[in-house]
Amino acid sequence: MFSPEGPTLRELAVQALSSVERGYDLLAPAFDATPFRTPNLFLDATAAALAPLGPFDAGLDLCCGTGAGMGVLAPLCRSQVTGVDFSAVMLAQAQAQAQAQAQAQAQAQAQARTRTAAAPAEGPRQWWVRADARALPFAGSFDLAVSFGAFGHFLPAERPGLFAQVHRALRPGGLFAFPVGAPPPVRSPWYWAFAGFDAVMRVRNAVRRPPFVMYYRTFPLPAVRADLAAAGFEVALSPLAALGRRADGSPRARLVLARRR
């Protein structure tokens, strides 16, 4: 599951025994070489599902990490995209990767200009903000907010406050979108792997401080929909067809579309 460029078992153990913020500071340089990064298949499917709902003006990547979700926002937003995370090292990694991509694009555009007179297309401006998602420094600033793979870091009791912060950051009619995978059936090895991981983390957090909050089974869709509605969102679900369907015909993943009333 880990590439040779990823963290060692010892490095993962050190991370797990740290706080969430410190743990991700340590993991940042190798994060994209781990299975913890959201797969491109999920990112591409989300981008395809959001495209007919745009274009949007300003976008927010909540808990952006190394910036994978910013690649989803950039083609959808006209003026600016903002990544917010509380790990300074993850943000630095995201900025470095974004700068490298911008330089590569500039070189490609320079080469293209030698073959055509068309002006190169300019993407939205990118901003990077260090902040806790539970205390966002924004009010009515965005038309679209996305998040990928971050909700396991929030306890169920924190969800209402988290969704209230996103609601406040969006403009009226703004959209909060994120993919949610179908829970594995009890007979699946993944069901027991996730259950075992959560059990280990609960024991770890009971005996060691600061806690490292990361759980796989604390984000059930019915409770999430109820919390979103209570925060002032109108909630719809869209199957992510590109990710296929399970044996019973249900989608493997859905996109939650929560629109600020």
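For R187, the CZ atom is loosely surrounded, since the number of other residues' heavy atoms within 6.0 Å does not exceed 12.
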Could you go through residues 208-216 and list every donor-acceptor pair under 3.5 Å that involves a side-chain atom there, pairing it with any protein atom two or more places apart or in another chain?
from : atom 1 : to   : atom 2 : distance (Å)
R208 : NE     : L17  : O      : 3.0
R209 : NH1    : N205 : O      : 2.1
Y215 : OH     : N205 : ND2    : 2.8

Enumerate, atom names and distances included, each donor-acceptor pair closer than 3.5 Å involving a side-chain atom of residues 232-249, sequence neighbours excluded.
from : atom 1 : to   : atom 2 : distance (Å)
R245 : NH1    : G249 : O      : 2.7
R246 : NE     : S250 : OG     : 3.2
R246 : NH1    : P183 : O      : 2.7
D248 : OD1    : S250 : N      : 3.0
D248 : OD1    : S250 : OG     : 2.6
D248 : OD2    : S250 : OG     : 3.4

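Paired with P179 under the rule side chain to side chain contact (heavy atoms under 4.5 Å, CB included), one option of V256, V146, L255 passes, and it is L255.
Sorted by first and then second residue, the ring-ring contact (aromatic ring centres under 6.0 Å, His included) pairs with a member in residues 82-104 form an empty list; sequence neighbours excluded. Residue pairs that meet the ring-ring contact (aromatic ring centres under 6.0 Å, His included) test with at least one member in residues 129-151, sequence neighbours left out, are F138-F142, F151-F178, F151-F219. The list of ring-ring contact (aromatic ring centres under 6.0 Å, His included) pairs with a residue in residues 234-261, not counting sequence neighbours, is empty.
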### Task
Dump the intermediate steps for side-chain contact (heavy atoms from CB on, under 4.5 Å) on C63 and F154, then the final yes or no.
CA-CA 11 Å; C63 305; F154 300 94; 3.9 Å; yes

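A cation-pi arrangement is present between R217 and Y191, with the terminal nitrogen or guanidinium carbon under 6.0 Å from the aromatic centre and inside a 45° cone about the axis.
With contacts defined as side-chain heavy-atom distances shorter than 4.5 Å, the pair R78/D143 does not qualify. Side-chain contact check for L62 versus Q165: every heavy-atom pair is 4.5 Å or farther apart.
By the side chain to side chain donor-acceptor pair (under 3.5 Å) test, Q80 is found to be paired with W127, residues two or more places apart in sequence or in another chain being considered.
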